[in-house]
Amino acid sequence: MEKFKTKAPQRILRCIKKSIFVFTAASLICVSVPIAAKADSSKVVTLGANLSDEQKESMYKYFGTTADDVDTIEVTNQDERKYMEGIATESQIGKKTYSCSYVEPTEKGGIQVKVANLTFVTSSMIASTLLTSGVENCNVVAASPIEVSGTGALTGIMMAYESASGKELSEEQKAAATEELVTTGELADDIGQDEASNLMNEVKQAVIEGNLTDESKIEETVKETAKKAGVDLTDEQIAQIVSLMQNIAQYDYDVKALKKTLDNLEGKEEGFFSKLVSTFTGFFGGSDKGGIINSTNDKLLGDNAVIDSTLDDIKEKVNSEEGDGFFDKIVNFFKGLFGGNETEDGPAPQSIDDEADNDSFDDAEAPTGDEDDDDPLQNGHDGDSDDSETPMSDEDNDDPLQNGHDGDSDEDAEDISE
């Protein structure tokens with residue numbers, strides 16, 4: 001019996017090893033098959049009040065939905081002014097409203113945002129400011145049929161979220177979120193959009209996680225974060241950020257939820273192995289990350305449309321952190337899945353790498369941390385040629401969120417503040 005107990009883990013590992021690529025192959029075949037998922041709550045579209053009927057219809061088509069399938073809210077310039085006056089300039093607010101949004105509250109996954117034809121704000125800026133408003137989980141598409149600044153887009157998104165989720169957000173937090181969006185956008189004009197977003201996210205996370213309320217400590221955090229990022233801030237910019245963070249710091253946030261979304265915005269959320277796990281759990285559980293974001297029709301906006309998404313910010317790199325090797329991680333994942341974790345008193349199970357020369361997939365190579373292939377399911381295949389790669393939906397070159405423009409001109413696009 002003792003002999004059997006000693007060899008059992010090795011038998012299990014051999015079985016797991018032979019099954020890994022069967023699961024992988026099945027995932028490759030089935031990952032593109034749509035899996036129906038029950039909506040977490042209703043979906044809401046907001047339309048700028050100053051759009052023509054034709055433009056409003058075009059936005060439904062861009063979102064990949066119809067007026068019959070969603071609730072619709074019309075957002076006016078007066079709605080935008082409710083939160084923006086006193087924070088944004090008149091030119092930023094504008095006199096007309098063209099921004100639209102499509103909002104889908106979710107139970108998990110953090111905040112995912114896609115923007116199109118918004119020139120002043122990015123998907124990262126909107127996602128981060130939604131956190132400030134009190135939102136924790138939702139998918140959002142913010143867009144316009146013509147180029148606009150997008151400063152008022154947040155107003156419509158918050159209105160849509162409240163309607164779709166049935167949850168009322170704090171008026172004070174919504175005002176703080178609007179202030180953050182405008183502050184980040186103005187900072188972006190001087191140091192760049194990515195730099196501004198990353199700086200604000202790092203500072204906000206440090207302030208909230210550290211429960212910082214003292215002005216001097218927040219100022220020190222701002223300066224240290226800027227120095228680390230290689231960003232030079234003026235005294236006026238530092239004072240503006242400190243004031244904003246003091247305002248944000250007074251509200252209660254779910255630190256874990258906030259960190260998850262902010263890490264996602266900085267491309268820290270998914271490493272190589274966690275991406276593999278997500279693929280398997282998505283295959284068995286029907287995960288559909290991004291939801292409505294994956295349904296947009298970018299062709300309708302033409303080649304010149306400015307489009308970006310927080311989903312693009314998740315860097316799919318091989319996980320080269322300290323700890324288990326590639327195959328050991330897979331073994332441990334499947335052991336956990338089937339309840340086969342070793343006990344403290346039991347013998348250390350033999351790794352797949354140690355037994356690789358005894359089985360049929362001797363030629364399978366474990367990918368290193370320096371490989372550029374973004375798709376974990378393409379690495380370590382058993383004898384397939386390079387030409388047989390199955391492109392995955394989240395590779396940059398095949399990303400439906402980035403490609404697929406049909407070359408339509410954008411002659412009627414004009415630079416409108418809102």
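FYI, side chains are in, hydrogens and waters are out, and symmetry mates aren't considered; it's all heavy atoms of this structure.
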Give the C-alpha distance, both sets of side-chain angles, the deciding distance and a yes or no for side chain to side chain donor-acceptor pair (under 3.5 Å) between K43 and T65. CA-CA 10 Å; K43 301 173 184 177; T65 189; over 6 Å; no

Kindly determine whether L118 and S99 satisfy side chain to side chain contact (heavy atoms under 4.5 Å, CB included), including the steps that lead there. CA-CA 8 Å; L118 307 186; S99 296; 4.2 Å; yes

Looking only at heavy atoms, the pair that brings A142 and A153 closest together is CB-CB, 4.4 Å

Among I73, T72, T66, D68, which one satisfies side chain to side chain contact (heavy atoms under 4.5 Å, CB included) with V70? T72

Any heavy-atom pair between the side chains of I293 and V140 that's under 4.5 Å? no

Considering non-hydrogen atoms only, spot the tightest contact between Q92 and T151 and give its length. O-OG1, 2.7 Å

May I ask you to decide if L47's main-chain N or O and E74's side chain share a donor-acceptor pair within less than 3.5 Å? no

Apply the test side chain to side chain contact (heavy atoms under 4.5 Å, CB included) to residues C138 and Y161: give CA-CA distance (whole Å), side-chain angles for both, the deciding distance (0.1 Å), then the verdict. CA-CA 8 Å; C138 72; Y161 177 81; 4.1 Å; yes

Just so I know, are the side chains of I238 and I241 near enough to count as touching, which here means a heavy-atom distance under 4.5 Å? no

Other residues, nucleotides, ligands: >12 heavy atoms within 6.0 Å of E54 CD: no

When you measure from the side chain of D71 to the backbone of V44, do you find a donor-acceptor pair of N or O atoms at a distance under 3.5 Å? no

Judged by atom type as modelled, is there a donor-acceptor pair below 3.5 Å linking the side chain of T46 to the main-chain atoms of S101? yes

Would you say E162's side chain and L169's backbone share a donor-acceptor pair under 3.5 angstrom? yes

May I ask you to say whether E57 pairs ionically with K61, meaning some side-chain N is under 4.0 Å from a carboxylate O? no

With the threshold set at 4.0 Å, does a side-chain nitrogen-carboxylate oxygen contact exist between K174 and E168? no

Evaluate Y60 against D69 for side chain to side chain donor-acceptor pair (under 3.5 Å), listing each step before the verdict. CA-CA 10 Å; Y60 283 118; D69 293 330; over 6 Å; no

Full working for side chain to side chain donor-acceptor pair (under 3.5 Å) between T310 and S123: CA-CA 6 Å; T310 56; S123 59; 5.3 Å; no

Working note: E80 + K96, criterion salt bridge (charged side-chain N to carboxylate O under 4.0 Å, His left out); need CA distance, chi angles, decisive distance, verdict. CA-CA 10 Å; E80 294 178 359; K96 296 182 179 180; over 6 Å; no

Can you find a heavy atom in the side chain of S52 that is under 4.5 Å from one in the side chain of Q55? yes

Side-chain ion pair, D232 and K227, N-O less than 4.0 Å: no

Using a strict cut-off of less than 4.0 Å between a Lys/Arg side-chain nitrogen and an Asp/Glu carboxylate oxygen, indicate whether K228 and E202 qualify as a salt bridge. no

Check whether the side chains of N198 and E195 place a donor and an acceptor atom closer than 3.5 Å, and report yes or no. no

Contact summary for A177 and T129, nearest pair of heavy atoms: CB-O, 3.1 Å

Say whether S124 and T122, considering side chains only, have a donor N or O and an acceptor N or O under 3.5 Å apart. no

Distance in Å, I292 CD1 paired with Q112 CD, rounded so as to fall on 0.5 Å steps: 11.0 Å

Contact between S58 and L300 at the side-chain level, heavy atoms closer than 4.5 Å - yes or no? no

N/O donor-acceptor pair under 3.5 Å between T184 side chain and E180 backbone: yes

Looking at T97, is its backbone amide N or carbonyl O close enough to the side chain of N50 to form a donor-acceptor pair, meaning the two atoms are under 3.5 Å apart? yes

K114 NZ to Y102 OH distance, which is reported to the nearest 0.5 Å: 13.0 Å

Distance check, rounded to the nearest 0.5 Å: L181 atom CG versus E179 atom CD? 11.0 Å

Working note: N117 + S144, criterion side chain to side chain donor-acceptor pair (under 3.5 Å); need CA distance, chi angles, decisive distance, verdict. CA-CA 6 Å; N117 270 341; S144 170; 5.6 Å; no

Side chains of K82 and T155: any donor to acceptor distance under 3.5 Å? no

Side-chain donor/acceptor of N77 to backbone N/O of G94, under 3.5 Å: yes

Just wondering, do L51 and P145 contact through their side chains at under 4.5 Å, heavy atoms? yes

Tell me whether T225 contacts the main-chain N or O of T221 through its side chain, where contact means a donor paired with an acceptor under 3.5 Å. yes

For the CG atom on D214, are there more than 12 heavy atoms of other groups (residues, nucleotides or ligands in this structure) within a distance under 6.0 Å? yes

Locate the shortest heavy-atom distance separating S197 from M125; write the atom from each residue and the value. OG-CG, 3.4 Å

Say you draw a straight line from NZ of K167 to OG of S163; how long is it, rounded to the nearest 0.5 Å? 14.0 Å

Find out whether M200 and S128 are in side-chain contact, i.e. whether some heavy atom of one side chain is under 4.5 Å from a heavy atom of the other. no

Let's go through I248 and V207 carefully: what are the C-alpha distance in whole Å and the side-chain angles of both, what is the deciding distance for side chain to side chain contact (heavy atoms under 4.5 Å, CB included) to 0.1 Å, and is it a yes or a no? CA-CA 9 Å; I248 292 175; V207 167; over 6 Å; no

Could you check V135 against L131 for side chain to side chain contact (heavy atoms under 4.5 Å, CB included), going step by step and ending with a plain yes or no? CA-CA 5 Å; V135 175; L131 279 174; over 6 Å; no

Quick one about Y253 and E136 (side-chain donor to acceptor, distance below 3.5 Å, no hydrogens or angles considered), yes or no? no

CG of D189: more than 12 outside heavy atoms within 6.0 angstrom? yes

Taken to the nearest 0.5 Å, the spacing of S149 OG from I93 CD1 works out to 10.0 Å

Side-chain donor or acceptor of S133 paired with backbone N/O of Q173 under 3.5 Å: no

Rounding to 0.5 Å, atoms CG (N137) and OG1 (T106) come to a distance of 4.5 Å

Shortest non-hydrogen pair, I218 vs L212, comes out as CD1-O, 3.8 Å

E236 versus T234, side-chain donor and acceptor atoms under 3.5 Å: no

Any side-chain heavy atom of T213 within less than 4.5 Å of one from Q250? no

Looking only at heavy atoms, the pair that brings G290 and E104 closest together is O-OE1, 4.5 Å

When you compare the side chain of D308 with that of V115, does any pair of heavy atoms fall below 4.5 Å? yes

Given 3.5 Å as the limit, does a donor-acceptor pair link the side chain of D79 with the main chain of T76, or not? yes

